[in-house]
Amino acid sequence: MACLFVPQEQDSGLQLVHLLLACAEAAAKEDYMLARRYILHLNRFASAPGDSMQRVAACFTEALSARLAATLTTKPSTSSTSTTTPPTPFSPFSTNTLEVLKIYQIVYQACPYIKFAHFTANQAIFEAFEAEERVHVIDLDILQGYQWPAFMQALAARPGGAPFLRITGVGSSILHRVVGERLKDLKPHMFNRRVGEALAVNSVNRLHRVPSNSLLNLLAMIRDQAPNIVTLVEQEASQNGPYFLGRFLEALHYYSAIFDSLDATFPPESAQRAKVEQYIFAPEIRNIVACEGPERTERHERLEKWRKIMEGKGFKGVPLSANAVSKILLGLYSCDGYRLTEDKGCLLLGWQDRSLIAASAWRC
């Protein structure tokens, strides 16, 4: 009979990890009765208002529960040809758009991850547009457009005056007009290219959600547009492997580092922190753990994989400058746990010894 770990006060974090891994292993082996026993124990010790390990364990416990719940009617779907009705895809955001906007603002102001993405991409685009008089940015996930006010200010301060700027947005937004929501449905004519425009294509935490076949077609279409620069920012994690247990372990390590970094930003009882965890990170964890087949959209890859993909479609790397980013960005945060590293011209931002987000730039 399998032994169920019971966390002790002195090593409760480690025991929670053991419980989570044991539960995931049972689920991977389709021993759902044993997995549910582990869930019962996890529900006793994983707590959303607790320390960072308890909080992340609560998110993973909920995700494992959702995966097991799907087995009451069917096993997690592994192909789009399943004869059962697929579960509703998990949304990374709340359906209340005003609440989403508020939570996004909290993340943007309190944590460096989104600012890192925007700062590095903006700097690369700004340098690529040097001396250009007509410039066009295609943002593959416009969201609320927080990235662009600072960029427009930088262009306005450029010696010789600001160029003529157009921004074309793709995706869902409550503040901006967009040309489409699904990247796989994009066509070249939607971008309304104009003669004499310098072009930049920007993607922040978006391409990992595009199915592999559609991704290659999308990159080929972008390459054919001959952009001056393509900026790519993605989470630095390998959560798209073929085996559930490997994905689970990678996700647990990744989000444990994320939740640790939140400790340096928010007090334990912070309502803002609870909202960030509930509406931003918990849905990502749930999608990675509970979903399979086309419903699993959070398919993160590491920088090395993105490098192979981009180079395979004919793109060449453009080195990013670390000095400006490190001085401007990390200087805004009082804690010293964030780390900025460079890898073959790409920049990675991490917490302690774990890289969490990677930025790169490309041209044809």
Side-chain angles (χ1 to χ4, degrees), residues 116-141 147-148 151 154-155 158 163 165-168 170 183-184 186-188 191 193-238 240 299-326 340-350 355-364:
F116 166 79
H118 292 175
F119 278 30
T120 52
N122 286 357
Q123 182 64 27
I125 296 171
F126 182 83
E127 293 174 1
F129 282 169
E130 185 179 5
E132 298 286 351
E133 296 182 355
R134 303 181 68 84
V135 298
H136 183 189
V137 176
I138 298 174
D139 189 341
L140 297 183
D141 198 11
Q147 181 168 350
W148 303 117
F151 178 74
L155 286 181
R158 203 175 69 172
L165 169 66
R166 287 199 306 139
I167 298 178
T168 297
V170 183
L183 291 184
K184 66 178 183 179
L186 288 182
K187 305 297 180 185
F191 299 139
R193 290 292 306 280
R194 298 175 184 174
V195 177
E197 281 184 335
L199 176 66
V201 178
N202 178 73
S203 176
V204 174
N205 290 331
R206 183 63 183 88
L207 291 189
H208 71 270
R209 296 194 185 103
V210 183
S212 57
N213 290 339
S214 298
L215 174 62
L216 298 179
N217 293 333
L218 174 65
L219 292 175
M221 183 182 71
I222 292 173
R223 182 197 59 215
D224 292 344
Q225 297 292 309
N228 297 55
I229 194 83
V230 176
T231 49
L232 173 63
V233 185
E234 286 287 346
Q235 295 185 24
E236 180 64 2
S238 179
N240 194 27
R299 297 174 174 266
H300 306 112
E301 302 280 10
R302 289 187 182 269
L303 173 61
E304 188 58 35
K305 180 65 177 291
W306 287 113
R307 185 179 282 123
K308 291 179 180 179
I309 292 173
M310 297 300 289
E311 291 176 348
K313 298 306 294 184
F315 291 93
K316 298 179 181 179
V318 177
L320 296 172
S321 172
N323 291 334
V325 175
S326 61
L340 189 69
T341 58
E342 186 175 358
D343 181 352
K344 300 178 183 177
C346 305
L347 296 181
L348 299 98
L349 177 65
S355 293
L356 297 173
I357 187 168
S360 58
W362 307 86
R363 62 168 177 254
C364 301

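FYI, side chains are in, hydrogens and waters are out, and symmetry mates aren't considered; it's all heavy atoms of this structure. Since the model is a prediction, treat every value here as computed from it, not as a measurement.
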Apply side chain to side chain contact (heavy atoms under 4.5 Å, CB included) to [X] and list each qualifying residue two or more places apart in sequence or on a separate chain.
X	answer
Pro188	Met221, Gln225
Lys316	none
Ala124	Thr231, Leu320, Ala361
Arg302	Glu236, Ser238, Glu250, Arg354

Taking the side chain as every heavy atom from C-beta outward, state whether [X] and [Y] have any pair of such atoms under 4.5 Å apart.
X	Y	answer
Arg363	Val230	no
Leu207	Leu219	yes
Leu349	Thr120	no

Determine which pairs satisfy side-chain hydrogen bond (donor to acceptor under 3.5 Å, both in side chains) with at least one residue from residues 340-349, sequence neighbours left out, and list them in order.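 For residues 340-349, and leaving out neighbouring residues, there are no side-chain hydrogen bond (donor to acceptor under 3.5 Å, both in side chains) pairs at all.
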Could you state the interatomic distance from [atom1] ([X]) to [atom2] ([Y]), rounded to the nearest 0.5 Å?
X	Y	atom1	atom2	result
Ser214	Leu183	OG	CG	9.5 Å
Ser355	Leu347	OG	CG	11.0 Å
Leu218	Asn213	CG	CG	12.5 Å
Asn217	Leu186	CG	CG	12.0 Å
Leu348	Leu356	CG	CG	9.5 Å
Asn240	Ser212	CG	OG	8.0 Å

Which residues share a ring-ring contact (aromatic ring centres under 6.0 Å, His included) with Trp306, sequence neighbours left out: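 Not a single residue meets the ring-ring contact (aromatic ring centres under 6.0 Å, His included) criterion with Trp306.
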According to ring-ring contact (aromatic ring centres under 6.0 Å, His included), who are the partners of Phe151, at least two apart in sequence or on a separate chain?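 In terms of ring-ring contact (aromatic ring centres under 6.0 Å, His included), with neighbours along the sequence ignored, Phe151 is linked to Trp148.
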Over all atoms of both residues, closest heavy-atom pair of [X] and [Y]:
X	Y	result
Cys346	Ala359	CB-O, 3.3 Å
Asn202	Ala121	OD1-CB, 3.4 Å
Phe129	Ala200	CZ-CB, 3.5 Å
Phe116	Ile357	CD2-CG2, 3.5 Å
Ala154	Phe126	O-CE1, 3.5 Å
Lys313	Leu216	CE-O, 3.5 Å

The test is side chain to side chain contact (heavy atoms under 4.5 Å, CB included); show your working for Ile138 and Ile222 and say whether it passes. CA-CA 10 Å; Ile138 298 174; Ile222 292 173; over 6 Å; no
Scan the side chains in residues 130-137 for donor-acceptor partners under 3.5 Å anywhere in the protein, sequence neighbours excluded, and list what turns up.
from, atom 1, to, atom 2, distance (Å)
His136, ND1, Arg166, NH2, 3.2
His136, ND1, Glu197, OE1, 3.2
His136, NE2, Thr168, OG1, 2.7

Apply the test side chain to side chain contact (heavy atoms under 4.5 Å, CB included) to residues Phe191 and Leu199: give CA-CA distance (whole Å), side-chain angles for both, the deciding distance (0.1 Å), then the verdict. CA-CA 10 Å; Phe191 299 139; Leu199 176 66; over 6 Å; no
What residues form a salt bridge (Lys or Arg N to Asp or Glu O under 4.0 Å) with Glu304, not counting sequence neighbours?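 Here the qualifying residues are Arg307.
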Under the salt bridge (Lys or Arg N to Asp or Glu O under 4.0 Å) test, residues paired with Lys308 that sit two or more places apart: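 Lys308 satisfies salt bridge (Lys or Arg N to Asp or Glu O under 4.0 Å) with no residue once adjacent residues are dropped.
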How would you list, by chain and number, every residue that makes a side-chain hydrogen bond (donor to acceptor under 3.5 Å, both in side chains) with Asn122, sequence neighbours excluded?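 Asn122: side-chain hydrogen bond (donor to acceptor under 3.5 Å, both in side chains) contacts with Gln147.
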Can you check side chain to side chain contact (heavy atoms under 4.5 Å, CB included) on Val170 and Arg206, steps first, answer last? CA-CA 10 Å; Val170 183; Arg206 183 63 183 88; over 6 Å; no
Quick test of your reading: applying ring-ring contact (aromatic ring centres under 6.0 Å, His included), list the pairs with at least one residue in residues 205-232, sequence neighbours left out, ordered by first then second residue.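 Non-adjacent pairs meeting ring-ring contact (aromatic ring centres under 6.0 Å, His included): His208-His300.
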